[in-house]
Amino acid sequence: EPEVTQTPSHQVTQMGQEVILRCVPISNHLYFYWYRQILGQKVEFLVSFYNNEISEKSEIFDDQFSVERPDGSNFTLKIRSTKLEDSAMYFCASKGVGANVLTFGAGSRLTVL
Amino acid sequence: GESVGLHLPTLSVQEGDNSIINCAYSNSASDYFIWYKQESGKGPQFIIDIRSNMDKRQGQRVTVLLNKTVKHLSLQIAATQPGDSAVYFCHSSGNMLTFGGGTRLMVKP
(Lines give C-alpha, C1' and ligand atoms only; values in the text may rest on other atoms or scores of the structure.)
Protein backbone atom coordinates (compact mmCIF):
# COMPACT_ATOMS: atom_id res chain seq x y z
CA GLU A 1 0.00 0.00 0.00
CA PRO A 2 1.39 3.44 -0.89
CA GLU A 3 2.60 5.47 2.04
CA VAL A 4 3.91 8.90 2.93
CA THR A 5 7.49 8.74 4.14
CA GLN A 6 9.03 11.24 6.52
CA THR A 7 12.62 11.78 7.58
CA PRO A 8 14.15 12.12 10.06
CA SER A 9 11.98 10.28 12.55
CA HIS A 10 13.53 12.29 15.37
CA GLN A 11 15.74 15.35 15.33
CA VAL A 12 17.28 17.15 18.25
CA THR A 13 18.54 20.67 17.64
CA GLN A 14 19.72 23.72 19.49
CA MET A 15 17.55 26.79 19.69
CA GLY A 16 18.27 29.14 16.80
CA GLN A 17 19.38 26.40 14.43
CA GLU A 18 17.77 25.70 11.07
CA VAL A 19 15.89 22.46 10.61
CA ILE A 20 14.63 20.80 7.45
CA LEU A 21 12.03 18.06 7.69
CA ARG A 22 11.53 15.93 4.62
CA CYS A 23 8.54 14.16 3.22
CA VAL A 24 7.95 11.94 0.22
CA PRO A 25 4.21 12.06 -0.54
CA ILE A 26 2.36 9.37 -2.42
CA SER A 27 3.50 9.58 -6.00
CA ASN A 28 0.23 10.44 -7.73
CA HIS A 29 -0.98 12.86 -5.08
CA LEU A 30 -0.97 16.55 -5.87
CA TYR A 31 -2.01 18.16 -2.59
CA PHE A 32 0.48 18.31 0.25
CA TYR A 33 0.17 19.39 3.85
CA TRP A 34 2.19 19.92 6.99
CA TYR A 35 0.64 19.62 10.44
CA ARG A 36 2.18 19.73 13.86
CA GLN A 37 1.19 18.16 17.14
CA ILE A 38 2.62 19.36 20.40
CA LEU A 39 2.80 16.52 22.90
CA GLY A 40 -0.61 15.71 24.30
CA GLN A 41 -2.38 18.30 22.18
CA LYS A 42 -4.42 18.33 19.01
CA VAL A 43 -3.16 18.16 15.47
CA GLU A 44 -2.70 21.70 14.13
CA PHE A 45 -2.64 22.74 10.51
CA LEU A 46 0.44 24.57 9.27
CA VAL A 47 0.30 24.80 5.49
CA SER A 48 -1.16 23.31 2.34
CA PHE A 49 0.61 23.22 -1.01
CA TYR A 50 -0.67 22.64 -4.51
CA ASN A 51 0.68 23.32 -7.97
CA ASN A 52 4.02 24.45 -6.58
CA GLU A 53 2.63 27.12 -4.35
CA ILE A 54 1.14 27.56 -0.91
CA SER A 55 -2.66 27.25 -0.96
CA GLU A 56 -3.32 28.14 2.63
CA LYS A 57 -1.34 28.66 5.79
CA SER A 58 -2.18 29.09 9.43
CA GLU A 59 -1.09 31.73 11.91
CA ILE A 60 1.52 29.29 13.16
CA PHE A 61 3.22 29.30 9.77
CA ASP A 62 5.09 32.57 10.17
CA ASP A 63 8.18 33.89 8.41
CA GLN A 64 10.34 31.33 10.19
CA PHE A 65 8.67 28.56 8.23
CA SER A 66 8.92 27.73 4.56
CA VAL A 67 7.99 24.82 2.33
CA GLU A 68 9.46 23.62 -0.88
CA ARG A 69 9.03 20.90 -3.43
CA PRO A 70 12.59 20.82 -4.75
CA ASP A 71 12.02 17.93 -7.12
CA GLY A 72 9.24 15.64 -8.26
CA SER A 73 9.15 13.58 -5.10
CA ASN A 74 10.18 15.53 -2.00
CA PHE A 75 8.20 18.06 0.00
CA THR A 76 10.16 19.84 2.72
CA LEU A 77 9.40 21.99 5.72
CA LYS A 78 12.13 24.37 6.84
CA ILE A 79 12.26 26.17 10.15
CA ARG A 80 14.89 28.88 9.88
CA SER A 81 15.62 29.63 13.51
CA THR A 82 14.06 27.12 15.84
CA LYS A 83 12.48 28.10 19.13
CA LEU A 84 11.78 25.95 22.16
CA GLU A 85 8.09 26.04 21.37
CA ASP A 86 8.72 24.47 17.96
CA SER A 87 9.27 21.17 19.73
CA ALA A 88 6.52 18.91 18.41
CA MET A 89 5.67 16.08 16.08
CA TYR A 90 5.44 17.28 12.50
CA PHE A 91 3.21 15.32 10.17
CA CYS A 92 3.25 15.47 6.42
CA ALA A 93 0.11 14.44 4.55
CA SER A 94 -0.92 14.17 0.93
CA LYS A 95 -4.15 13.85 -0.99
CA GLY A 96 -5.09 12.93 -4.49
CA VAL A 97 -7.14 15.01 -6.91
CA GLY A 98 -10.83 14.76 -6.04
CA ALA A 99 -10.10 12.91 -2.83
CA ASN A 100 -11.14 13.91 0.66
CA VAL A 101 -9.01 11.57 2.74
CA LEU A 102 -5.53 12.58 3.79
CA THR A 103 -2.73 10.04 3.98
CA PHE A 104 -0.35 10.89 6.78
CA GLY A 105 3.27 10.03 7.31
CA ALA A 106 4.51 8.60 10.60
CA GLY A 107 5.80 12.01 11.65
CA SER A 108 9.08 13.66 12.53
CA ARG A 109 9.68 14.44 16.16
CA LEU A 110 11.53 17.71 16.63
CA THR A 111 13.13 18.49 19.97
CA VAL A 112 14.55 21.97 20.41
CA LEU A 113 16.93 22.42 23.35
CA GLY B 1 -15.08 29.85 10.48
CA GLU B 2 -15.75 26.24 11.18
CA SER B 3 -14.92 24.49 14.38
CA VAL B 4 -14.67 20.78 14.72
CA GLY B 5 -14.62 19.58 18.27
CA LEU B 6 -15.06 16.53 20.41
CA HIS B 7 -17.19 16.18 23.50
CA LEU B 8 -15.00 13.89 25.58
CA PRO B 9 -11.21 14.02 25.84
CA THR B 10 -10.85 10.51 27.31
CA LEU B 11 -13.02 7.43 27.10
CA SER B 12 -12.24 4.30 29.06
CA VAL B 13 -14.04 1.08 28.14
CA GLN B 14 -13.82 -2.56 29.06
CA GLU B 15 -12.50 -4.91 26.44
CA GLY B 16 -15.40 -6.41 24.57
CA ASP B 17 -17.75 -3.51 25.25
CA ASN B 18 -18.93 -1.11 22.59
CA SER B 19 -17.37 2.37 22.37
CA ILE B 20 -19.01 5.57 21.22
CA ILE B 21 -16.91 8.60 20.37
CA ASN B 22 -18.65 11.87 19.63
CA CYS B 23 -17.84 14.92 17.57
CA ALA B 24 -19.62 18.21 16.90
CA TYR B 25 -19.16 20.41 13.86
CA SER B 26 -20.37 23.91 13.12
CA ASN B 27 -20.17 24.27 9.35
CA SER B 28 -23.50 23.13 7.94
CA ALA B 29 -21.99 23.25 4.44
CA SER B 30 -19.67 20.33 5.24
CA ASP B 31 -20.49 17.47 2.90
CA TYR B 32 -17.96 14.86 3.88
CA PHE B 33 -16.78 13.64 7.25
CA ILE B 34 -13.85 11.45 8.13
CA TRP B 35 -12.72 9.65 11.25
CA TYR B 36 -9.02 9.14 11.81
CA LYS B 37 -7.29 6.95 14.36
CA GLN B 38 -3.91 7.95 15.78
CA GLU B 39 -2.00 5.28 17.62
CA SER B 40 0.82 6.23 19.91
CA GLY B 41 3.85 7.44 17.99
CA LYS B 42 2.11 7.30 14.61
CA GLY B 43 0.32 9.63 12.26
CA PRO B 44 -3.47 9.70 11.93
CA GLN B 45 -4.90 6.94 9.77
CA PHE B 46 -8.21 6.86 7.95
CA ILE B 47 -10.88 4.68 9.53
CA ILE B 48 -14.18 5.49 7.91
CA ASP B 49 -15.95 8.32 6.15
CA ILE B 50 -19.51 9.41 5.47
CA ARG B 51 -21.14 11.82 3.06
CA SER B 52 -23.67 14.34 4.21
CA ASN B 53 -26.45 12.65 2.22
CA MET B 54 -26.14 9.62 4.49
CA ASP B 55 -26.91 9.23 8.17
CA LYS B 56 -25.17 5.94 8.79
CA ARG B 57 -22.30 3.99 7.37
CA GLN B 58 -20.90 0.71 8.58
CA GLY B 59 -17.47 -0.74 8.28
CA GLN B 60 -15.77 -3.63 9.93
CA ARG B 61 -16.67 -3.26 13.64
CA VAL B 62 -17.07 0.48 13.16
CA THR B 63 -20.15 2.53 12.40
CA VAL B 64 -20.36 6.25 11.81
CA LEU B 65 -23.59 8.09 12.49
CA LEU B 66 -24.31 11.56 11.20
CA ASN B 67 -27.01 13.81 12.61
CA LYS B 68 -27.12 16.89 10.46
CA THR B 69 -29.92 18.45 12.47
CA VAL B 70 -27.70 18.89 15.51
CA LYS B 71 -24.41 18.80 13.58
CA HIS B 72 -23.19 15.76 15.42
CA LEU B 73 -21.04 12.87 14.32
CA SER B 74 -20.31 9.71 16.23
CA LEU B 75 -18.04 6.72 15.81
CA GLN B 76 -19.19 3.44 17.26
CA ILE B 77 -16.71 0.61 17.76
CA ALA B 78 -18.21 -2.79 18.43
CA ALA B 79 -16.51 -5.28 20.75
CA THR B 80 -13.66 -2.92 21.56
CA GLN B 81 -10.24 -4.53 21.54
CA PRO B 82 -6.92 -3.46 23.06
CA GLY B 83 -5.73 -2.57 19.57
CA ASP B 84 -8.44 0.06 19.40
CA SER B 85 -6.64 2.10 22.05
CA ALA B 86 -5.73 5.34 20.31
CA VAL B 87 -6.78 8.95 19.85
CA TYR B 88 -9.67 9.40 17.46
CA PHE B 89 -10.15 12.57 15.44
CA CYS B 90 -13.07 13.69 13.37
CA HIS B 91 -12.44 15.81 10.32
CA SER B 92 -14.77 17.71 8.05
CA SER B 93 -14.31 18.35 4.36
CA GLY B 94 -15.86 21.77 4.92
CA ASN B 95 -12.49 22.59 6.35
CA MET B 96 -9.79 20.15 5.39
CA LEU B 97 -7.50 21.86 7.76
CA THR B 98 -9.06 21.51 11.16
CA PHE B 99 -9.07 18.54 13.44
CA GLY B 100 -10.96 18.25 16.65
CA GLY B 101 -8.95 17.94 19.84
CA GLY B 102 -9.27 14.18 19.78
CA THR B 103 -10.74 11.60 22.11
CA ARG B 104 -8.34 9.18 23.71
CA LEU B 105 -9.87 5.72 23.87
CA MET B 106 -8.41 3.49 26.56
CA VAL B 107 -9.37 -0.17 26.56
CA LYS B 108 -9.20 -1.99 29.87
CA PRO B 109 -8.47 -5.72 29.75
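These values consider heavy atoms only, across backbone and side chains, with no hydrogens, waters or symmetry-generated copies. A quick note: this is a predicted structure, and the numbers were derived from the prediction, not measured. Throughout, a chain's letter reflects where its sequence line sits, starting with A, and its residues are numbered from 1.
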Taking the side chain as C-beta and beyond, is there a heavy-atom pair between B:Lys42 and A:Phe91 under 4.5 Å?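 Heavy-atom side-chain distance check fails, nothing below 4.5 Å.
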Under 4.5 Å between any side-chain heavy atoms of A:Asn100 and B:Ile34, yes or no?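 Of all side-chain heavy-atom pairs linking B:Ile34 with A:Asn100, at least one is under 4.5 Å.
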Nearest 0.5 Å, what's the CD-CD distance between A:Glu3 and B:Gln45?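 Reported to 0.5 Å precision, the distance equals 10.0 Å.
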Examine A:Ile20 and A:Val47 and state if one hydrophobic cluster contains both, with Ile, Leu, Val, Met, Phe, Trp and Tyr joined whenever side-chain heavy atoms are less than 4.5 Å apart.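 In one cluster with A:Ile20: A:Val47, no.
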Look only at the side chain of B:Tyr32 and the backbone of A:Val101, and say whether a donor-acceptor pair between them is shorter than 3.5 Å.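 No, the answer is negative, given that no donor and acceptor are paired below the 3.5 Å cut-off.
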Would you say that more than 12 heavy atoms from the other residues, nucleotides or ligands in this model lie under 6.0 Å from the [atom1] of [X], or not?
X	atom1	value
B:Gln60	CD	no
B:Met54	CE	yes
A:Leu39	CG	no
B:Lys56	NZ	no

So which part of A:Gln6 gets closer than 4.5 Å to some heavy atom of chain B, the side chain, the backbone, both or neither? neither
Could you go step by step and tell me if B:Phe46 and A:Phe104 meet the ring pair (Phe, Tyr, Trp, His ring centres under 6.0 Å) rule? CA-CA 9 Å; B:Phe46 169 81; A:Phe104 285 84; over 10 Å; no
